[in-house]
Structure formats: C-alpha cells, structure tokens
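All chains are named by letter (A, B, ...) in the order of the sequence lines, taking the proteins before the strands, and each is independently numbered beginning at 1. Predicted model only: the values in this text are computed from it and were never measured.
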Amino acid sequence: MDLHELEAIAERELAQRPRLRILHCSATGCQASGALELKRRLESLLAEMGRQTEIDVGAVGCLGLCGRGPIVRIEPSGETFEHVKPDDAAEIIAALDGHACHVARCDQNHPFFTRQLLIVRRHCGLINPDRIEDYIAVGGYRSLYHVIHEMTPTEVIQAITRSGLRGRGGAGYPTGLKWATVAKSPGERKFVICNADEGDPGAFMDRSILESDPHLVLEGMAIAAYAVGAEQGFIYVRGEYPLAIERLQKAIAQARRHGLLGTQIFESGFNFRVDIRVGAGAFVCGEETALIASIEGRRGQPRPRPPYPAESGLWGMPTLINNVETFANVTAIIENGPEWYSRIGTEKSKGTKIFALTGKIRNTGLIEVPMGITLREIVEEMGGGTPDGTPVKAVQTGGPSGGCIPASLFDTPVDYESLAAVGSIMGSGGMVVMDEHTNMVDVARFYMEFCKDESCGKCIPCRVGTVQLFNMLTKLRNRQAHPSDLSRIEELCELMRETSLCGLGQSAPNPVLSTLHYFRHEYEELIGAEGDHGS
Amino acid sequence: MTTSTTETAADRGARPAGDNRRKILEATMKRFQYQGDALIEVLHKAQELYGFLSPELLSDVAQRLRLPPSRVYGVATFYHFFSLAPQGEHTCTVCLGTACYVRGAALLLRELEELSGVKAGHTSADGRFSLLTARCLGACGLAPAAVLDGEVIGHADRSDLAVRIQSLLGRER
Ligand SMILES: Cc1cc2nc3c(=O)[nH]c(=O)nc-3n(C[C@H](O)[C@H](O)[C@H](O)COP(=O)(O)O)c2cc1C
Ligand code: SF4
Ligand code: FES
Ligand code: FES
C-alpha cells in the first residue's frame, strides 16, 4: 500500500457512490429503536420500485441524538429525520425525490447541533463503520502515511505535546508527556493499549466512537505506536459492548488486508499489530494497572504506582495506555497541526470533549463541545432542560468518581480545573441531569452501592469503607441515623480518600462529599425527621 | 473472537450437545499456544460454548493451561461476566446504571421481580428464566434500557417487557 493506492481507493469510492443516499444510524441506540427493520423495509421498497442501484441505503454511525432514534439522514439535501418507523420508509424515499414528507425532522439549527464542534466525531453519521473504503474516502490513513514517511517519532511527540491534548479517560494527564516517557523508557518490547473499558455508568462516548468510526481509533493507535516505538497494541473493550467489538474486529481485519496494520506498513520498516481483549465485567479494570493485570489473564486488581505503566506495564515492559477518545484526537492534530488544535478550548484544557447527556433532559444523546463551554449552555440550551419543565437541580459529572454540581453553579466552564474546583471532575464524559424530584441522598447511596460492588477488595479502606458508607447512607435514608452520623460519614470519606490504594477508593467519597456540600439540607432533613418523631 | 474451525452456531444446535464444544475450546487454547495469559479469553469462549463454567470445566482449563486451579477459580469468580451456575434458557438484564437509575430502573426491576417471581441475579426453579442486572449497557440515551435474550430494548416500560417475557416463556411450552 502506498499513497497512490490510498488515493485511488478514495476516488473509486466517491465515483461509484450514487448521488441519492439514505443513511441510517446503525449504532446501538438506534438499533434498539428499530433501525434494522427500517433498513430492511427501505431496501425491499427500493427493490420493488427498481431503484436499488440509483439510491444507496447505507449504514452510518451515531448521529448524536440517540434518544430520538432511529435517525435517518438523506443526501444530497442533508435533511435529518428522527423517530423514523419502518412504515415511514415510503415517505423518506419521497423526501429524497423532493416531495412532501411528514416524518419529523431534526432541527439542525437547534443549539444541540449548532453549539457542537466536531473533531473526534467529524465522520460520525457520514461514513459506514464497516467499510474501510468509506474511511479512506474521507481522508483516512493519510495522517499515518504522513507520520511514517515525513516525521520522526520525536517530531510526532512534539506535535502532540504542543497541541496541549490531555487524556480523556478522566485524569487529564498531558498526552505528549506520557508518550515521551514511554518513548524514552528502555525495554526490549513496548506496547500501546487503548482503554475502552468505559465503566462510568451513564457514559457511552467511547462506545459510540468505536461503533461509528473504528478506523479513527486504530489510526491514532498506530501513530502512537510509531511515536513510542511499539509493535503490538491491545484494545481492551467492555464485554457489554458486542457491537463495538464486532466492528473493531472487522476494522482490524480490513486494515490488515490493506497493509495498514501488520508488517511493513506503507512499505516502511514500521510494524504494528492490534489485538482485542474483551473485558469480563469489572469496573476496576478501567484503572490502568488493573487493566494490565486483566490482559495478562489475572484478577483485575490495581497495584501501587510508581512504577507507572509508561515505565513498567504489560509484562513489565514500557506501555502507553490512553483512552479511546484520546487516540481519536490524534489524526486531527496531525492533519491540521498542533497550533490549530491548541487554539480550541481554554488555556489549560485544549480541544473538544464529548459528553453523554442523559437523565432528566429533553435532548438526550452525545455532544462534542469545545472546552470552556458552560454547563448552562450544555444543559439549558443544548439539552433543552427537563422534558416536563421541572427545574433542573444538578448535573452529575465523572460518574462514581465525580460529584454533583448544583444549578446555581451552572456558569462554571467545562474544563479540567474548573470542574475540580467545584468538587467534581471532568471524568470520561458522563453528564447525568437531575431534576427537583431526584433525591440527592439516594444518588449518593446509589454511587456508593456501585463502588461497594465494584471494589476489588485489595485494600481495607475501600473494601470496608464503601460497605460502611453504604450502610450509613441506607440508615440515613430510612431515617434511622443519629445526628453525629453526618460527621462520621465525613470522617470516613476523608480516610478513604487519603489511604485507598487506587483511584476507585480514593474518589468513591466524591459523590457523597459533593452532595453533602451542596445539598446538606437533604441529609439533615432525614435526621431531623427522626428527632421529631422521637423514635 | 473467531476460532479456526468453521462450525457455526447452527451446526452446533443441530448436533447433540457433544464433544464438538470441547474441540472448539481446545482450538481456542491452541490458538493462544496454551499460555496462561489467555485465561480470560479461554473462559469467555468456554462460557459461550457451555453457558456456564462448571467445576469440571474450570479444572480442565487449569490443566490445559498449566495453571493452578486456585488461579483459574480466582479469575472466574472475580469477573461478573463469568457464571459458575447454569443460567435460564431466557435472560432479561435490566440496566441499573446512572442514566437508567435516574429514569426509574430500580422500580422497573422490582416490578419484574414480582411479575416473574425471580429475584434479581437468580434463575427460576424450572431453569427457564434468569433476571439479571447490569451497570450501563451504553444505551443510556434510551434509558431505562434492558436486554432480552441479546436484544437491547430502549425506553423499557413494565407492561411492554412483561408481555415480551411472557410470550418468550409461553411459546416453547
Ligand atoms: C476506578 C477507575 C476506573 C477507570 N476507568 C477508566 C475507563 O473506563 N476508561 C478510561 O479510559 N480510563 C479509565 N480510568 C483511567 C485510567 O486509569 C487511565 O488513567 C486512562 O486510561 C489513561 O488514559 P488517558 O491519559 O488517555 O486519559 C479509570 C481509573 C480508575 C481509577
Ligand atoms: S481502592 Fe478499592 S478498588 Fe482500588 S485497590 Fe483498593 S480495594 Fe481495590
Ligand atoms: S445511536 Fe443513533 S443517533 Fe446515537
Ligand atoms: S445507564 Fe443504563 S444504559 Fe447506560
């Protein structure tokens, strides 16, 4: 494979593509809403009409408005329809011909769409994730070619560093710095791992990227491997994501067949193979050292750091581990240059972030927004508030490791530092909206139950602390708590934070502490009630 | 993860449950050169083939991969995915992730428990139905979500799920 062949594939693909196209979302959300039946209906109808070669029915990835699926987009007009039922097939074809169509259209001028800035998701909804030709036609694998033939590994690392990209897995560690550490760590072999464990319940950004544009992640990983000197990569995917796994398998096989993965990529001395490892349902395996243990076939229990995986990771070798979305940012940086990237976002948080907007919100789905946008813009303008107009009470970011931010602080800009300053974290991108009917003690208890179930049991503060906190919160909810229990809860939270071995235990108190901080009265009401009844 | 054999699910169904499954499992282990590192992959395959991991199966795997049985048992019990007991012929998994929780998944689960007489995490006495829970299926946009025999169901509501479960259980009587 060389650049000419790549261009030839792209040209052939564009030349043979019919002008009229019906593109339907084929990601998990829309499949669950009946996208496959719709596709069958469209195809059989077109066959009956004898128009199956004139009009292309294509599967594409997630278009973002997952709560209103199945979503359909027609070309060339670009009109997008929501809640499309199989019975609407004829109407959609009519719309393609410019006739009247009564299927509900997505309002593309709504802030939900206009406030987005698509970098990672730029191909989502435009290309068929099952076809490498589609990816090549939108410029895919050019960055990899460019990097291998025109840049040294050091130059690649410098570009990533200058872009200001930070890890999207939660902690926001500077990506360039991590790559540089792996590159200079001595080791006879090195590895690149893509963390696709996405354990935060309520987050599905990584799933959607893998289901919509798997080659983007593979290309990002290959560029990283070239930069750090690795020849083997692993993608660790949650077992709960069968469709993402299937699409990745297909993508890897196609890339290998085209000589874009494997040996002597683009006729260079660079070799890189990628294997998939399927997780087996343990949240803690998202933690990097636990993930590595799991790939090695062991119980997924974290170990103390240092040494960091960058120095001693998989099988004791230097290992680069980044999140799906982190890798998915790489080609855009190479394509447009680090200066372009670093102009987007805030001073310390560059680029965009994808959020999964869910809970009590009118427009549920995925949004990619520039860092620095405020929570108010996301929740009120893009999300459109709650479905029934009940006032929004708080948003939860960062899942079990994050916190609840009250509506009074919605002018907080979304960046790593600002979210930490209000007691939450950016996290991987889950954003769950809660309204006045959501009880905050219940929410805290919900997360503590999660952490209790998911604690790996290796260290005592977390193994015992999560159970104790859960029991105390349960007692509180059942109005059996003593006034002194609140300070005992706080004390235990502090202890866990300071003494747990890994991030799970260290951050498990966050949902409790943030709700205690902002919604203390809800806790106190539960205690007061007991006093009133004197029981 | 495909194995090098060409057997399909349909072939398997058509055959009396026999030693083919063992052969496929053997092929998987061989593909990983019987390395202990591949334990989780092998257990995934074993569970896919047999539906659950019996003590005999675990000790068999331990022997083939030259691992102490304690390590195999330790791994099999650590991960939620692996089941040491047979599951029902039909399974319904209710998501209890945050997005679903905020949209009433806990209530949905309680109602399904009542309806089926099966407690979450358990299988009915006749082995026909298991009610399970998950922490986020990645379909949060459709909360509350559930999976019924592999099919993701969005905006899962009680009566709709009840009808589907009853028709699944009724049909094969
Ligand atoms: C309990 C726990 C769970 C985690 N889960 C994930 C996860 O699901 N996905 C992820 O990318 N990172 C997760 N992380 C963070 C990883 O340990 C690691 O920092 C990250 O994958 C590094 O990639 P990045 O620099 O690109 O963010 C988790 C950390 C902890 C402590
Ligand atoms: S903090 Fe919790 S999850 Fe982390 S090592 Fe300790 S027990 Fe395991
Ligand atoms: S799953 Fe179809 S729009 Fe997101
Ligand atoms: S929280 Fe239920 S599907 Fe994500």
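- B:H80 places no side-chain N or O within 3.5 Å of a backbone atom of A:A280 that could act as its donor or acceptor partner.
- With values rounded to the nearest 0.5 angstrom, B:R135 atom CZ is found 5.0 Å from A:D453 atom CG.
- The two residues B:Y79 and A:S294 make their nearest non-hydrogen contact at OH-OG, 3.0 Å.
- Contact of A:D442 with chain B is made through backbone and side chain together, with heavy-atom distances under 4.5 Å.
- Chosen from B:L43, B:L65, B:V72, B:T98, the residue pairing most often with chain A at heavy-atom distances under 4.5 Å is B:T98.
- Heavy-atom pairs under 4.5 Å with chain B were tallied for A:A282, A:G359, A:A203; the largest tally goes to A:G359.
- By number of non-hydrogen pairs under 4.5 angstrom with chain B, the leading residue of A:G430, A:G67, A:G34 is A:G67.
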Test B:V102 against A:Q396 for side-chain contact (heavy atoms from CB on, under 4.5 Å), laying out the working first.
CA-CA 11 Å; B:V102 171; A:Q396 208 282 346; over 6 Å; no

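- Between chain B and the options A:G300, A:A32, A:P242, the largest number of non-hydrogen pairs under 4.5 Å is found for A:G300.
- Ion pairing of B:D37 with A:R298 is absent here, as no side-chain N (NZ or NE/NH1/NH2) approaches a carboxylate O to less than 4.0 Å.
- A:R238 touches chain B through its side chain: at least one heavy atom from C-beta onward sits under 4.5 Å away, while N, CA, C and O do not.
- With a 4.5 Å cut-off on side-chain heavy atoms, B:I40 and A:R277 do not count as touching.
- Heavy-atom distances place no part of A:A244 under 4.5 Å from chain B, backbone and side chain included.
- A:C456 contributes atom SG, which lies 5.5 Å from atom CZ of B:F78 (distance to the nearest 0.5 angstrom).
- You'll find the side chain of A:R299 reaches within 4.5 Å of the side chain of B:T77, heavy atoms only.
- Within the 4.5 angstrom heavy-atom criterion, only side-chain atoms of A:P387, from C-beta onward, approach chain B.
- Only the side chain of A:V284 comes within contact range of chain B, with heavy atoms under 4.5 Å apart.
- Listed by first then second residue, pairs satisfying ring pair (Phe, Tyr, Trp, His ring centres under 6.0 Å) with a partner in residues 96-142 of chain B read A:F446-B:Y101, not counting sequence neighbours.
- The environment of B:Y73 atom OH is sparse: at most 12 non-hydrogen atoms of other residues, nucleotides or ligands sit within 6.0 angstrom.
- If you measure heavy-atom distances from B:L96 to chain A, the contacts under 4.5 Å come from the backbone alone.
- Within a 6.0 Å radius of CD in A:E436, more than 12 heavy atoms belonging to other residues, nucleotides or ligands are found.
- Between chain B and the options A:P201, A:G202, A:G29, A:A27, heavy-atom pairs under 4.5 Å are most frequent for A:P201.
- Pairing each heavy atom of A:V432 with each of B:A99, the nearest pair is CG1-CA, 4.5 Å.
- When heavy atoms are compared at a cutoff of 4.5 Å, A:L366 does not approach chain B at all.
- In this structure, the separation between CZ on A:F283 and SG on B:C136 is 11.0 Å, given to the nearest 0.5 Å.
- Considering only heavy-atom pairs separated by less than 4.5 Å from chain A, the leading option among B:A38, B:G97, B:G36 is B:G97.
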Can I get a per-line list of side-chain donor-acceptor pairs under 3.5 Å for residues 137-156 of chain B, giving both atom names and the distance, sequence neighbours left out?
| unit_1 | atom_1 | unit_2 | atom_2 | d |
| --- | --- | --- | --- | --- |
| B:D149 | OD1 | B:T91 | N | 2.8 |
| B:D149 | OD2 | B:H90 | ND1 | 2.6 |

